[in-house]
Structures are given as C-alpha cells and as structure tokens.
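Below you'll find the structure, written out as structure tokens, and then a few comments.
As a basis for the values below, the full set of heavy atoms in this structure was taken, side chains included, without hydrogen atoms, waters or symmetry mates.
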Amino acid sequence: MGLFLFPPPKIATFNLLLVLTVSPVSFTFVNGGIPTTLEGPFKPVTVPLDDSFRGNAVELPDTDPRVRRIVKGFEPEQISVSLSTTYDSVWISWITGEFQIGDNIKPLDPNNVSSIVTYGRYGFPMDNQSTGYSLIYNQLYPFEGLQNYTSGIIHHVRLTGLRPNTLYQYQCGDPSIADMSKISYFKTMPVSGPKSYPRRIAVVGDLGLTYNTTSTVDHLLANGPDLMLLVGDVTYANTYLTNGTGSDCYSCLFSQTPIDETYQPRWDYWGRFMQPLVSKVPMMVVEGNHEIEEQAGNRTFASYSSRFAFPSNESGSSSTLFYSFNAGGIHFIMLGAYTAYHKSDDQYKWLEKDLAKVDRNVTPWLVAAWHPPWYSTYTAHYREEECMKVEMEDILYKYGVDIVFNGHVHAYERSNRVYNYTLDPCGPVYITVGDGGNREKMAIAHADEPGNCPEPSTTSDKFTGGFCAFNFTNGPAAGKFCWDKQPEYSAYRESSFGHGILEVKNETYALWTWHRNQDMYSTSADLIYIVRQPDRCPMGLFLFPPPKVATFNLLLVLTVSPVSFTFVNGGIPTTLEGPFKPVTVPLDDSFRGNAVDLPDTDPRVRRIVKGFEPEQISVSLSTTHDSVWISWITGEFQIGDNIKPLDPNNVSSIVTYGRYGFPMDNQSTGYSLIYNQLYPFEGLQNYTSGIIHHVRLTGLRPNTLYQYQCGDPSIADMSKVSYFKTMPASGPKSYPRRIAVVGDLGLTYNTTSTVDHLLANGPDLMLLVGDVTYANLYLTNGTGSDCYSCSFSQTPIHETYQPRWDYWGRFMQPLVSKVPMMVVEGNHEIEEQAGNRTFASYSSRFAFPSNESGSSSTLFYSFNAGGIHFIMLGAYTAYHKSDDQYKWLEKDLAKVDRNVTPWLVAAWHPPWYSTYTAHYREEECMKVEMEDILYKYGVDIVFNGHVHAYERSNRVYNYTLDPCGPVYITVGDGGNREKMAIAHTDEPGNCPEPSTTPDKFMGGFCAFNFTEGPAAGKFCWDKQPEYSAYRESSFGHGILEVKNETYALWTWHRNQDMYSTSADLIYIVRQPDRCPKKTQSTATRSKSLKPSQPTEMLIKEEEEKNGCRSDMNPPKPSSSSSSTATNRDASDGFETASDGELNDDEIPQQLHLQDEPQQTPSQNDDVESNQKAFEEASDVKIEGNRLFGSGQYQEALSQYELALHLAPDMPSSVELRSICHLNSAVCFLKLEKYEDAIKECTKALELNPSYMKALLRRAEAHEKLEHFEEAIVDMKSVLELDPSNDQAKKAIRRLGPLAEEKKEKMKEEMIGKLKEMGNSLLGRFGMSVDNFKAVKDPNTGSYSLSFQR
C-alpha cells in the first residue's frame, strides 16, 4: 500500500524508497502446489531450449545515458551499500573525480577529497557523521600500444551503531567543498535470531552490462529485494582490449595479445548503471574469473578489491576474496575459487574457524556462495572446480551447509540434495545462476547428451591449476566421465537469463523461486521450499512448518502497490504554478527500442489450452463499482479459404466467483458469439474467431478482492482461479489507487517492455486509448510491414491478419485477467471487410458498459471508478451535434454529479493538441464539434494516443492558455511496430500542407491557419507552442493517482528507466471555485470546494456527518488523567466504549515546543527539525484516522506505524506517540488481532500510565481472548483513575463469574491431564489413579494417599 498517502511527504524520499520497506509483490502460493525438498529427490527435469529467448547479449554502448558520467567535479557517483558482518554496521562506497586512460596518466590524490557520510534514521535529522578512507588503483600494461588506466578516487566509509531492520537516510561526499550526493536510503538487516530474516534476497551471477543485464536488473528490482548477492563475473571488462574493442570470446579474437587486456572504463559504466539499485539495496559480491584481470607485476583483482567494500576484517579474513556475514538468521560464507583453498592455505583455515563459531540457534541457516559450480551438468566448465570440491566439500557437509549458490555456467540449474555425487538428504541444495546477462551468451549443451562429454584433460581449472576430475568409480556413471542421461542429482535445468529470489520463512523453511527475463516479474519458472531437517541432520532446531495460507503468486498486484511513488513535495510542480515554459526532451536514438513484432512462435502468444478451455481472459468494468465483465475465448480460430464458424451455443458462458477467502458460491451466466473477417477477393484468406464469451457479474462490494473461474462446468472446461479487485464506491474521497494509461500498444518487443513496466507499477485499472494489435499492418497470409500503404498499396482492400488479435489476447492475459482494462477504438481497429463492415474484432472481443451508460455503440461509453467519471469517445464514428454520439455525450455530462465524482476524465484516440508532424491537426473537425461542450462541463484531463510520442499540455482551450481548460496528454507510444514520432511541426520544414491533414477515415476539412496569437496567419507555430508543456519521443506508459477532490498526481514512465522512475510528473489541480462548471448539482451545493493540498479536506457537511471539527488548528485537549469515559480523554480519536465516529477535535494536531526546556541558540536547528517532524507525524496520524473512519483498518495501521517512525523522540511527542499506539490497537481490534492489540495498548500505557482509553481497549482485547482476570485488572485500574466509571464497574461485575468459570474449567482440564499422565505411568504396573484415594488428616489438614485394589 505504500507508507505515504496524503500529503506527499515534506521530507525528501526517493521514488524507489519502498523497495527498502515494503515488498512490491508478495510471493505466496498454494502450499500444496509448491514442492518441498522433503518430497525429493525429484526426477530430473530439462526445460527444452527456446531460441527466441536467448535475449540480447549486446553490450550497452558508452553513449547510453545510463552509463554516462552525469556528475561534475568531485560529486559522488557509483554509490553503493554493502553489509558488514552484523546488522549494526554497513559500508557506503562511492567514486569521485574522473578516471584517466591512455599513455600518460596522472593518478588523482585521494588526500584531496574527504570520505564522509552524514546519516540518520529516516524521519530524523542526519546528525550522525562517519569518516572513512579513500584510494585509487591503476591497471598498468608494460607493453607498447596498450593503454594504462587510473581510477577516480574510491571512498569507503563504515557506519556503525545502527538499529536493526531500520530505514536510514544518508548523503556521502566531501561537505568542505560542497560536493555531497543527493539523499539516498538503505535498510539495515534484522538482528540475528532464529525468527528474524530479510524479507527477500535476490541472487544473480555473471551479470555484465548488456541489454540482457538491463532486463535482469529491471526484473530483480521489481521483485523488491532487501539484499542482493552477486556470485561473480561482474562487468566483463576483460572481454575488451585496452582500446575499447570488445569480443564475445576474447581468446578467439585476441589470442596474440602479450597479456589478457581489459578496458577498465566498463567498470565505471557498470557502477553508474547499477547505482539506482545498489545505492539503496545492499549488494554482496564474490569474485569470478572475469575479475582476475592480470596486469604488470602479476597483480590481479585490482578493480574488484578496490571498488567494493568487504567485511573481511570484521569476519576475520585476510583477503577480499573470502569473507562471511550475517543477515538476520542466515550466516553467509563467501568463498574464493580463484585463490588458494587447500587445507594448508589461509582460506581453508579461516573457513574452519568461521564455521566452528556459527551458533545454529542464532543463525539456523547456513548459505555458501562462490563462482564456479561443483554440480553442473552443462558442457561449459564441466567439473572444472573438482580440486576445490575435493578440498572443501567435506567440511561444508560436516557443518551442515543448507544451500550453495554459484555462477560461471551461463544457465540455470538446481540440484537435489547431494554429497559427493550421491543423493543425500543432508547434503546442500546447489543452485547455479550464471545467467544474469553477460555478453558471452547462454550455455545450452549438456554433458550427458551424445557427443557433448568433454575430454577429462580439458577440464582442469586454467586459473588455479590442478587436475582432480577422473572417471566416476560407482553409481550409474561408473567408469565414465559423464552420465548418459541427466544425472539424478540434477533436479531442474534450463537455459534462460534471469535471477533468483530466496525468502527464508522460519528456522526450517525457505522458498526459492527462479525468475526468467521473458516472464512477468513475480512469475516463477522454478520454485521449491528448501527444508532444513536438523532432527535428521542435527545442525539446529526444528520448529515451524511452512505456511498454510494459500494465495496466487500475482495476487498482491491487485491488493498492494508494488512500488509507492513518493517525492519531495517541493519538487513536484502543480498546474497552479503553470502555465509552464515548453520543454522538449532531445531525442536519444539509443532508446528507440525494438519495434519488431513478436513472432507466432513466441511462447507468450502460443495457444496452450486444449479443447474448449478458456483463454485470452480479461476483466473490464461496468458503469459502477458493483459490476464487472469477465470475457474469454474458447475453441480455435480458423483462417483460410474454407472456414466453418464454431457454434456459440455448444459451450456455456459461466463464471463462478466469490470474495477472496470465501467459497466461490456465486454464479453468473452471460452470452457468447463469434465474428468473421471476410474478404470477397480471390487469394485473400477469411477468418472466423473462436467462441467469445462475455459475462456480467453484479452485486459486488466496492474495493474488494474477488476470485473467479470462467468456462463451462458441464464439460469440465473451467479456467484456473484468477482474481480481480472492484473499484471503490463513487464518492469525493474514494479513488482507485493507481490508473495506468497507455496507447498504441501493439505486440512488439517494445510492447513487452511497456507491459512489464506497467505491471511492475501495480495499477488498479488500465486505460488503453486505441490502436490495440496492429493486425491491419498484415496481409491475410501473415506478411507484415511497418507501413501498409508503402508495401501493399495495390491490394483491393485493406487486409488484416486476424490471428494477431489472438496472439495479443494471450500475451495480455496475465495482466488483464486481474487488472480491469477499458479500451477505446483507434484507427487500427477499423478493419474494413466485406459489406463495408468495420470494427468487428474490436466490438466482439471486448465487453463495454455501453448499455449500462446509455450508449448505443461500443465506440463510445462512460463509467465511474471511485470519484472519477470517465468518458470514452469515438473519433471514428459520427460526432457532429446532430449525431447519436454527441446527443449521448450531452446527456451523460448533464447527469454527472461533481459532488459524487469530482473528477471528469475523457479519452479518445487521435489528439487535438499535438505538436508532432504525424497526424497534426488531423481531428480538427472533431475538436470544432466537441471542444466547447467538454470545456462547458469542466473536463479535467484528456488522454489520447495515435501520435507515437509523449506530450503533455498546459491547461488549454481553443489553442489558448486557459486555467479552466483540460490538461491534454498524449501517450501514443506503448510499443507499436510503426516506431516513434520524432519530427515537430514547429521545426523548419516540418509544417505539413493544410490540405494533407484531414482525417482520411472521417473526412471533412476544418484545419485552417491560425487567426490570432503568436502563430497568427500560419498553419504551424515557429517554436514549440505555449500550450505544449512537455514533449519527448520515447516508449512508455503513464500513471494517474488521484489523491482527493482536487489533486491528482500524473507520472510518465519511459521503458528505458527503472520501473517507478518518472520522466515527467505533475500534480494536476482542479479549481472548482475558479472554474465553476455546469453540473447537475450546482444549485444544491452549499459552497465551492477549494483546492486542498494533497490530503483530505472535508467540506462542512462531511465534517458534521463524521463528528469532526472544521478547525484546522483545534485547541489542545485536557490531559487524559483528568478525563473520564463519558467525558472524552486526550485521545485516540475513537470512542472508548464503542466503535464511534472519528473525532479529530480530540486529537492534538500541534503541540508547541515551548513546553520543552529552553533551547540554546545552537539547538535551534534541532528544535525546528523536531517541530517539522512532529507536524509530519501529526499529519500522517490524521490520515490514519480518516482511513479508519472509512473502514480501511490495515491502511490506517500503516499510517500510525509511519507516524511513530516520524515522531521525534522528545517529551512533547509522548502524547502523540501514545495516541498512535492506541489507534494501532483499535485497528488490530477491528482486524481481530487481539494479541497485537494488547501489545499496542501496553506501549501506549508505558508512555502514559494514566491513559484510560488504553486500559479500556486492552481490557476489551483480553476479554476477546478470554483473559478474564487480566481484563478485570485493567478495569480496576480504570476505577483507580475514575471511581465513577460505570463501564468499568459493570465490566468487573460481568467478568468476575466468567473468570471463576474459566478457573474451574482449567482446573478440571488440568486434573484430567494429570490423570491421563498418571494412568499412562501406572498402567505399566496394572494400576490406575483410581487405585489411590486422598485422605485428609483432620488435625493437620494435610493429605495422605491410601492404596485400594
């Protein structure tokens, strides 16, 4: 849900902050569906190679913006965080100054720049400072013609005394020369203990810096790790000569060089590319062979050892090549395969000591990592590290290592538990993840396949020497060097690029998931619970079973935003500050993406269902929150000369559904249809679709998660269970959390990137503003072109290849079967066929709320999503004032009640306000007909597509800046194959002839020269028009987050950026007081709503209804010690004895710091900072109260937790902190988490012992848990504070008998258990407790036992 809701925080937070605090997607699964190692060993599985997913193993060029140097002077760059051995310490590293490469280099002086980090807990002043050390390194080659390199100044600073599991903010640099970095964040590890673990650990190897790398890092980041392990082969700088010439195979092309050269700037490029991730998520690295990098004097590992900070000293190691550290209850051992490892060497001796110190009661999990694998079945590097295995396997087995991570082999493989090539339930699970993205491409050959077994003599490690790999002496491969089939110890292998996620659940269960780059972010190709068995393999304690709760692995996309966009409030402009000067982002050709269509062989578009099983499943909205449409297709399409349409009556259209967590005992029946695309010309192929089903579900609750299945239960062809979340109920304070907006999507590799980014940003709703599949860029035989009219100008009719619609539906199903999608037609959906029929596929495949919104057509309709009314207009159907669409629009707008849906958003395909040459002023006739009515009714935002670029306008009406006009946003760059628009009409030679601009589909000519303004007498402006605020040519999508009645945050997300990074962002602010538009309820409104800051501001009627004061600065209430239960005490905002209304007048919004001791002048800054933090905490708490009042208890709880983080640790905050603890307790009571409620009440009472409401609430929770005696104690404490409190008196009278009854019951149960125990013991001797009788001594009162037969 994100920690920050309204307003955006005044303290600066990076837009990826919640990667550190909240997992963006939670991986939880049906327990029965996830195997565990307890069920193993498993039969070996090999996933067949799919050549289409070998990715793009091409290096990022030095011109890529992500690798360029963008800092100046000695500003820090390449910032990273790494761990020390324990939670209370981390390392911050960075580089200042520029590297030099060439013949004459002069190293920088590290002493000229200080190494300083200022830091503090998030929400507190950064008043801690640590100083570290700095260095440079050189890479020198004593050969003529080779270029030498000297690095920038590398800084390492260790921060100590940190709290566990805590978010910190920091800056690094040299404050004396004002060269400090921007503020960044990191989160410390949990304290070591058996129940304390990082939420998610990403594991990746052989990363490099290719386009595959970018995909891996994008996927990894979207999965929100707390920690990242990189198991060697970092940059592949040693696949280059010193002049920058590179190769996928150094030894193949550069075998004559006198020494293995490197191009060291690749390290700098890598550091810049990785900074957005590793400056926030700690990264721990172990060396690979590509880090050896020999230079003059036989020096090796110079860059690796210099650039990264390692906890070597802290873990007792003498080298950067091997070390250990703790992360919660996990002890990690990072071993060096390219340094001596024999039993007589330092590394082995260190390892022995380190393992002997591990306390498995404190760190139950033991995980090891090094680069080259011991258990790999690929031909590449097969048994290369046998000597290391011979030396070290026994000691790792002896100490019970649970998991081993490796890289080196460019593929993925997971073993069964194994020791010495034999299945062993106590051996580690070995996992190879050497496929992060390197330029050497994937490993695909297996040693067990014919002809692939290498000669033993070729397998020795060329770096450390030695030969230890001989033929096997026993088992299925006895007498051979390789197995004849996939070895039994290999459980799963596949050639794909990706990363893994380790989630340790408790002392014995850890979930491992493998995420391929070709899949969605939270989708796992391989997954297993790795289970420790310390009772069978005694290395620790066996305590907890795996979780029993079952949820789908993409479910939380629907319930929790994966990344929360939070910004520096002062850094986000608002339309109130506009109009803004026009901005054009220069074109970067390197980011024009891959505008190539996915082929029909791509697994994501293939038909994988059988018979009449549902596919291409999607969800769309009806007009209101209580209804949605579910759509799907059954049966196969047909294309050719002789097609026979399927009969829709042969398959039922049924959806079974229910609220998530409840039985799916609701059922709805809909209708089905097929459509044909027919061409009456010889040689053209006709098409008939599968059976398309549409079912409307009604009577749904607002803002609620539902689960459903669709299909025909009578023939057992039902889909898997999927999920959707309904929209919030319409109202001025009720909005979808995030709405994705995209246009001109198509089905290219750019499309896949757009959809990946969009999905990672976790929308509740998606708008697609036309141009869906681009099936009409193909002939009916499947031949396609980027420009139909250029390639196929002689065809008798504009053909289409309709199977592209089916491919698109399959590709989109993982998203749109869960996130509702609302579509409006574009020109590429017209698709003319026989009989002049158009829009057949578009109108048949999607469900539209046309009937529900009073429309006669699928081409225009409207719907509500919370407090937003959306109008979807058709640019390719008649729109004149005499036509049906215009008449419908007029009626629809007249019915809109802006007190219920304050926001009015319109969307159609071709833009009216675009400054690109493509489609310039093409829809002028539509604009002439409709602009006035949209302006009259106060449309706030308009979304368009069509032009393949991004552009946002200032508020505009009739080409004139107007504070009451809409903001027009063009997002026609979702991924289509026609490529980007890049030419602007205001550039010389780019203004089109007016005669060329009419819309060829709708006809008419309405675009003339401007008659006034800067472009008077011209058809185009001479410069970027003043109404154009921001434009750039890039592929991507937008996110709309409506915050309240007047503020909405718009962010534009380019495919080349990280997922939550926004290239353009603005608060769009409604001004209903300044622009009082015609609305149904204008006459009944008591007053105009003024723009509020992005936090709730209740109008008077709402305040009275909720029992709230309208004062923004209520008086400070009396202290709780003088309050009673009937006279509210100072307060948590909730009624004591009931679940009453919210009462903000009871809640101190501002406590003045003059109550503090007098501050000296030197303390003024702290006072101001504390006051600011206090005010922020108060604001957040008030937002929590609002959420509680609307029944959003979990969300309210998050706000109170944040308020506690923000509240300064000072006497005047005690009252606020106690209130937040108590409010948290009330949320837990509502959520029926009574133990947690008791804990929060206790914390409130520790701060304020006379807090009567806390006593009453704690008593209530105790009673729910049948802790009657504890409840009575709390009620007695209430009476001590207020002897007249009737509620406490009545409760004591009521609870007394219940406590006595429970005592007697417990006594009887105890006696019964004692009898059972006694009988079990005495039964061995033929007796029972009935043979003994207790006899009381009348004199002493004591008892004696007498035996009776």
Side-chain angles (χ1 to χ4, degrees), residues 555 558-559 614 616-634 648 651-673 691-714 718-731 734-736 739 764-767 816-823 843-858 860-872 888 891-892 895-897 900-901 1190-1191:
L555 171 59
L558 308 174
T559 55
Q616 303 181 49
I617 303 167
S618 65
V619 184
S620 55
L621 301 180
S622 185
T623 47
T624 54
H625 70 81
D626 57 355
S627 177
V628 305
W629 287 92
I630 307 294
S631 304
W632 69 96
I633 294 181
T634 57
V651 186
S652 297
S653 306
I654 292 174
V655 175
T656 59
Y657 61 100
R659 281 186 294 144
Y660 175 71
F662 292 83
M664 292 191 293
D665 49 13
N666 301 293
Q667 188 175 97
S668 290
T669 302
Y671 67 94
S672 57
L673 70 153
I691 300 170
I692 301 168
H693 305 260
H694 299 300
V695 178
R696 187 180 174 202
L697 316 187
T698 58
L700 306 176
R701 299 186 181 193
N703 213 33
T704 299
L705 188 65
Y706 281 82
Q707 53 190 344
Y708 72 95
Q709 286 181 287
C710 59
D712 186 344
S714 70
M718 295 294 283
S719 69
K720 293 179 181 178
V721 176
S722 194
Y723 306 85
F724 66 85
K725 189 179 181 186
T726 52
M727 291 295 103
S730 292
S734 179
Y735 300 95
I739 300 167
D764 289 343
L765 172 63
M766 172 182 164
L767 300 187
V816 298
S817 62
K818 300 168 186 65
V819 178
M821 175 179 66
M822 304 304 286
V823 188
S843 296
S844 302
R845 290 175 181 266
F846 300 118
F848 305 92
S850 301
N851 290 340
E852 303 102 279
S853 61
S855 166
S856 60
S857 171
T858 59
F860 51 89
Y861 61 91
S862 67
F863 64 95
N864 287 349
I868 313 169
H869 185 70
F870 284 95
I871 303 165
M872 310 293 273
W888 166 83
K891 290 178 183 176
D892 190 83
K895 290 187 292 184
V896 175
D897 183 349
V900 178
T901 53
S1190 62

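At least one side-chain heavy atom of I630 sits under 4.5 Å from a side-chain heavy atom of Y708. Between L705 and R659 the shortest side-chain heavy-atom distance does not fall below 4.5 Å. You'll find the side chain of R845 reaches within 4.5 Å of the side chain of I633, heavy atoms only. Considering only heavy atoms from C-beta on, P728 stays 4.5 Å or farther from Y735 through its side chain. Here the side chains of M718 and C710 are not in contact, with every heavy-atom distance at 4.5 Å or above. Residues V896 and T901 are in side-chain contact: their nearest non-hydrogen atoms beyond the backbone lie under 4.5 Å apart. In this structure, M822 and S620 have side chains that are in contact, with non-hydrogen atoms separated by less than 4.5 Å. In this structure the side chain of L700 reaches within 4.5 angstrom of the side chain of F724, judged on heavy atoms.
When only modelled atom types and interatomic distance are considered, S855 and S850 share no side-chain donor-acceptor pair under 3.5 Å. No side-chain donor-acceptor contact under 3.5 Å links T656 and Q667. Judged purely by distance below 3.5 Å, without hydrogens or angles, the side chains of N864 and T624 never pair a donor atom with an acceptor atom.
Judged purely by atom type and a 3.5 angstrom limit, S730 uses its side chain to pair as donor or acceptor with the backbone of G866. Without hydrogens or angle criteria, W888 side chain to S853 main chain gives a donor-acceptor distance under 3.5 Å. Side chain of S714 to main chain of D712: no donor-acceptor pair is present (N/O by atom type, distance under 3.5 Å, no hydrogens or angles). A donor-acceptor pair is defined here as one N or O able to donate and one able to accept, closer than 3.5 Å; such a pair exists between the side chain of Q707 and the backbone of F662. Using a distance-only test at 3.5 Å, with no hydrogens or angles considered, no donor-acceptor pair links the side chain of S631 to the main chain of S618. Put simply, the side chain of S672 gets close to the backbone of P648: a donor and an acceptor are under 3.5 Å apart.
A distance of 12.0 Å separates CG in L765 from NZ in K725, rounded to the nearest 0.5 Å. Summarising the geometry, atom CD1 belonging to I868 is positioned 8.5 Å from atom CZ belonging to F863; distances are rounded to the nearest 0.5 Å. In this structure, CD1 on I617 lies 8.0 Å from NZ on K818, to the nearest 0.5 angstrom. In this structure, the separation between CG on L697 and CG on D626 is 11.0 Å, given to the nearest 0.5 Å. The line from OG of S719 to CH2 of W632 is 8.0 Å long, rounded to the nearest 0.5 Å. Considering CG of D764 and CD1 of I739, their distance stands at 8.0 Å, rounded to 0.5 Å.
Ring geometry for W629 against H694 counts as perpendicular: the plane angle is over 60°, on a 0 to 90° scale with 30° as the lower cut.
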Step by step, would you call F860 with T858 a side-chain contact (heavy atoms from CB on, under 4.5 Å)? CA-CA 6 Å; F860 51 89; T858 59; over 6 Å; no

Given D897 and H869, is the side-chain hydrogen bond (donor to acceptor under 3.5 Å, both in side chains) satisfied, shown in steps? CA-CA 9 Å; D897 183 349; H869 185 70; over 6 Å; no

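Between P736 and M727 the shortest heavy-atom distance is CG-SD, 3.8 Å. Counting all heavy atoms, side chain and backbone alike, S627 lies closest to R696 at OG-NE, 2.7 Å. Looking at every heavy atom in both residues, S817 comes nearest to V619 through O-CG2, 3.4 Å. What you find for P702 and A729 is that their closest heavy atoms are CB-N, 3.4 Å.
You'll find the ring centres of Y660 and Y706 outside the 6.0 Å limit.
A side chain to side chain contact (heavy atoms under 4.5 Å, CB included) with V655 is found for one member of V628, T669, V695 and no other, namely V695.
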